[in-house]
2 protein chains.
Amino acid sequence: MEHDKDDALKLENQLCFPLYAAARKIVGAYTPYLKPLGLTYTQYILFLVLWERDGLLVSEICERLMLDSGTVTPLLKKLEAKGYLRRERSESDERCVRVVLTDEGRAMKERAGDIPAKMCSCMALSPEQAKQLYELLYMILKG
Amino acid sequence: MEHDKDDALKLENQLCFPLYAAARKIVGAYTPYLKPLGLTYTQYILFLVLWERDGLLVSEICERLMLDSGTVTPLLKKLEAKGYLRRERSESDERCVRVVLTDEGRAMKERAGDIPAKMCSCMALSPEQAKQLYELLYMILKG
DNA sequence: ACAAATTAAATTGTTTACAATTTAATTTTA
DNA sequence: TAAAATTAAATTGTAAACAATTTAATTTGT
């Protein structure tokens with residue numbers, strides 16, 4: 001194999017790998033804060049979406065979280081079983097399901113209010129670096 | 001809830017989310033190149049490690065990939081079953097397992113040689129931006 | 001109007017991840 | 001040196017992710 005191809009296959013020359021590993025690390029860093037609330041990371045970001053705007057369709061949740069219904073539907077069912085939300089079939093279009101928070105679901109927001117600040121403080125980046133990273137990541141997501 | 005806490009809980013103000021979503025997007029972007037080789041992304045990066053240095057211990061693979069044995073052991077068993085590697089218990093310390101590529105495992109490297117270049121070209125970042133991102137991600141991984 | 005195409009969720013099946021535990025081997029230490 | 005502690009892998013159980021398919025409802029095109 002040519003030298004350049006050989007180099008290109010080294011783990012340290014991949015961009016995908018630190019992205020993949022850093023994502024797992026950050027998601028894992030949420031666990032100590034989420035576990036006391038009985039939430040997983042995916043459930044947490046689902047709550048973020050619903051706290052921001054209640055009554056979204058499943059498809060709108062999927063779009064915002066960039067996840068498909070095969071991932072989101074079981075999550076919603078679990079949170080519904082725990083009493084945090086209700087899934088209501090739309091009357092105008094029976095294909096659609098609207099997701100509505102219960103009082104318990106809204107109350108969870110208060111309990112989670114400190115998490116972003118705690119996570120920020122455990123991240124080894126300055127605010128400028130965080131902003132830079134944020135913008136580069138959204139370039140990937142949009143491009 | 002105070003305004004600042006409310007804002008901090010918005011999805012668009014999270015750094016974790018674009019990290020998590022971009023990682024999934026990039027991993028997914030490998031699929032069309034890996035599927036013809038019968039590999040998943042995780043299997044691919046495991047190969048990257050072994051192509052770089054053959055005969056590593058399971059623990060060394062786990063360290064390099066930042067994954068635990070619960071993830072890596074089943075991966076290794078699958079690749080062993082496909083004939084790409086052998087798992088050999090160390091004679092000097094029977095707790096350790098050494099992972100050795102077969103001819104088929106080494107041959108896979110030739111078939112994967114073009115993947116890094118193809119992935120690079122489908123990424124919406126300039127080389128400078130990629131370098132910046134790379135460095136920020138490793139700050140997270142090391143910090 | 002009505003068959004064909006499209007759409008929204010849900011379902012099925014496979015592959016990660018990871019926490020927690022277990023097993024077996026080795027090292028430490030009392 | 002024998003018990004205790006540590007270590008390396010493997011195992012078990014749970015929760016994502018996602019491709020591919022299915023089901024049911026709606027929309028389109030003729």
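Computed over heavy atoms, backbone and side chain alike; hydrogens, waters and symmetry mates excluded.
In terms of position along DNA chain C, the nucleotide closest to A:Lys77 lies nearer the 5' end than the nucleotide closest to the other residue of the pair B:Tyr41 and A:Lys77. Sequence order on DNA chain C of the closest nucleotides to A:Val58 and B:Val27 puts A:Val58 first from the 5' end.
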Under the criterion side-chain contact (heavy atoms from CB on, under 4.5 Å), I'd like the reasoning laid out for B:Arg53 against B:Arg64: C-alpha separation, chi angles, the key distance, then a yes or no. CA-CA 11 Å; B:Arg53 181 194 258 271; B:Arg64 282 165 205 235; 4.1 Å; yes

Can you list the steps and then say if B:Leu37 with B:Ile115 is a side-chain contact (heavy atoms from CB on, under 4.5 Å)? CA-CA 11 Å; B:Leu37 308 187; B:Ile115 292 179; 3.9 Å; yes

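As rounded to whole Å, 11 Å separates atom P of C:dA19 from atom CZ of A:Arg24. Look at CE on B:Met66: it is 12 Å from P on C:dC18, rounded to the nearest Å. Look at CG on B:Leu39: it is 12 Å from P on C:dT15, rounded to the nearest Å. The nearest whole Å value for the distance from the NZ atom in A:Lys35 to the P atom in C:dC18 is 14 Å. Rounded to an integer number of Å, the gap from CG of B:Leu46 to C1' of C:dT15 is 14 Å.
Here the closest non-hydrogen pair linking A:Asp114 and B:Lys5 is OD1-NZ, 2.8 Å. Nearest heavy atoms, B:Met1 versus A:Lys109: CE-O, 3.3 Å.
B:Thr40 comes within 4.0 angstrom of sugar-phosphate atoms only, judged by non-hydrogen atoms across all strands, and of no base. Residue contacts shown for B:Thr71 include a base, since a base heavy atom lies under 4.0 Å away. Residue contacts for B:Ser69: at a heavy-atom cut-off of 4.0 Å it reaches a base atom on one of the strands shown.
Inspection of the A:Ser90 and A:Ser92 side chains reveals an N or O donor paired with an N or O acceptor under 3.5 Å.
Think of the region where chain A sits on DNA chain D: with heavy atoms and a 4.0 Å cut, that region ends 5' and 3' at D:dA15 to D:dT26.
For the side chain to side chain contact (heavy atoms under 4.5 Å, CB included) with B:Phe17, the qualifying choice from A:Leu65, A:Leu48, A:Leu137 is A:Leu65, the only one to do so.
No donor-acceptor distance shorter than 3.5 angstrom exists from the side chain of A:Trp51 to the backbone of B:Lys10, with no hydrogens or angles considered.
Proximity of the aromatic rings of A:Tyr33 and A:Tyr44 is defined here by a centroid distance below 6.0 angstrom, and this criterion is not met.
Taking a 4.0 Å limit (strictly below) on heavy-atom distances, residues 86-97 of chain A reaches DNA chain C at A:Arg87, A:Arg89, A:Arg95, A:Cys96, A:Val97.
For residues 14-29 of chain B, no pair satisfies salt bridge (Lys or Arg N to Asp or Glu O under 4.0 Å), with sequence neighbours left out.
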